[in-house]
Amino acid sequence: MSFLRALPVLRPRAVHRAWAATASFSSSASTSANVTGTSPVPNLLDALAEGDAAAPLSNSNTISVGTLTADLDAVEDPELDDGPPMPSEDSYPLGVNPAAKANQAEKASVGAKKEVYNVSVKATRNNTIVTFARPRGNQLVTLTGGKLGFKKSNRNGYEAGYQCAVGIIAAMEKELERTDFEWQLFLKGFGQGRDAMLTAITTAVGANVKPRLVRVTDRTPIKIGGTRGMKARRI
């Protein structure tokens, strides 16, 4: 580091050393300096700037330019202020709030729409037909009273409808293990299988699928006007 370049930075230190050196002068030296009207400190700084080897001090208090240069070289350069301190490496990235990110993920999971499966119950005077299908209509399971072993007039009974409902609910629980979905119920007809299906859903058998039921629709056709009905059967 050049001495002349470091001199403006370290000038206060040189002044402090000059005052410390002149503090031990005799009263006669101080008086002579006052009479002549000159101060030893500016003369010392001028001598340091011109590179003279001797300072206007007494021989016992002379400070060489080489000694001052070595002292100045030993002083470390002042650190530059580059701005505010930077975050540590293990801190969160700038502009990212982990709490806000978690809230967004939770909202996305809550607001995501689930697939809606269909369960159709057709309860007639002769049979009960229950179908479990995917949203696009692909049938997964279809159960009837006759398929479960009920014969003749027993196919439209309450027990036949209840067994069909239990089998469909078991198929829905198996599908829930694969994917999460909601479902809607379609009813058609006034047979006993209609009441049997509603009873199975509200009991402990349908405890796992009932919370996912979003809609119940009655598709039973009702005749209002229209053509003349068939003649009543005579026995």
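No hydrogens, no waters, no symmetry mates; every other heavy atom, side chains included, goes into these values.
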Counting only N and O atoms by type, is there a donor-acceptor contact under 3.5 Å from the side chain of Asn156 to the main-chain atoms of Arg125?
yes
Does Val116 reach the side chain of Phe181, with side-chain heavy atoms less than 4.5 Å apart?
no
Any side-chain heavy-atom pair from Leu148 and Cys164 closer than 4.5 angstrom?
yes
Can a donor-acceptor pair be found, under 3.5 Å and without considering hydrogens, that links the side chain of Trp183 to the backbone of Val209?
yes
How far does CD1 of Ile168 sit from CD1 of Ile201, to the nearest 0.5 angstrom?
11.0 Å
Quick one, Leu187 with Leu198, criterion side-chain contact (heavy atoms from CB on, under 4.5 Å). Give me CA distance, side-chain angles, the key distance, then yes/no.
CA-CA 10 Å; Leu187 302 174; Leu198 296 176; 4.2 Å; yes
Checking Arg194 side chain against Gly189 main chain: does a donor-acceptor pair fall under 3.5 Å?
yes
Electrostatic pair Arg178-Glu175, nearest N-O below 4.0 angstrom:
yes
Test side-chain contact (heavy atoms from CB on, under 4.5 Å) applied to Thr128 and Tyr162, step by step:
CA-CA 10 Å; Thr128 301; Tyr162 190 83; over 6 Å; no
Output for pair (Ile129 CD1, Lys147 NZ), nearest 0.5 Å, gives 9.5 Å
Output for pair (Asn127 CG, Ser153 OG), nearest 0.5 Å, gives 11.5 Å
If you take all heavy atoms of Ala165 and Ala196, which pair is closest and at what distance?
CB-O, 4.4 Å
Determine whether a donor-acceptor pair (N or O, by modelled atom type, separation under 3.5 Å) exists between the side chain of Asn208 and the backbone of Glu173.
no
Hey, could you give me the CD/CZ distance between Gln139 and Phe132, rounded to the nearest 0.5 Å?
11.5 Å
Is any NZ, NE, NH1 or NH2 atom of the basic residue among Asp218 and Lys188 found under 4.0 Å from an Asp or Glu carboxylate oxygen of the other?
no
Answer with yes or no whether the hydrophobic clustering places Val141 together with Phe186; edges join I, L, V, M, F, W, Y residues whose side-chain heavy atoms lie under 4.5 Å apart.
no
In this structure, CG of Leu185 is separated from OG of Ser120 (nearest 0.5 Å) by 8.0 Å
Rounded to the nearest 0.5 Å, what separates atom OG1 in Thr203 from atom NZ in Lys210?
9.0 Å
Just by distance, do the side chain of Lys122 and the backbone of Thr131 share a donor-acceptor pair under 3.5 Å?
no
Measuring only between side-chain heavy atoms, which start at C-beta, is Glu159 closer than 4.5 Å to Asn154?
no
According to a hydrophobic-cluster definition based on side-chain heavy atoms being under 4.5 Å apart (Ile, Leu, Val, Met, Phe, Trp, Tyr only), do Leu143 and Leu140 belong together?
yes
How about Met172 and Val119: do any of their side-chain heavy atoms sit closer than 4.5 Å?
yes
Checking Gln184 side chain against Arg215 main chain: does a donor-acceptor pair fall under 3.5 Å?
no
Met197 and Phe190: same hydrophobic cluster, using ILVMFWY side-chain contacts below 4.5 Å?
no
Other residues, nucleotides, ligands: >12 heavy atoms within 6.0 Å of Lys152 NZ:
no
Has Arg155 got its NZ or CZ under 6.0 Å from the middle of the six-membered ring of Phe150, at an angle within 45 degrees of the ring axis?
no
Is the closest side-chain heavy-atom distance between Leu213 and Glu182 below 4.5 Å?
no
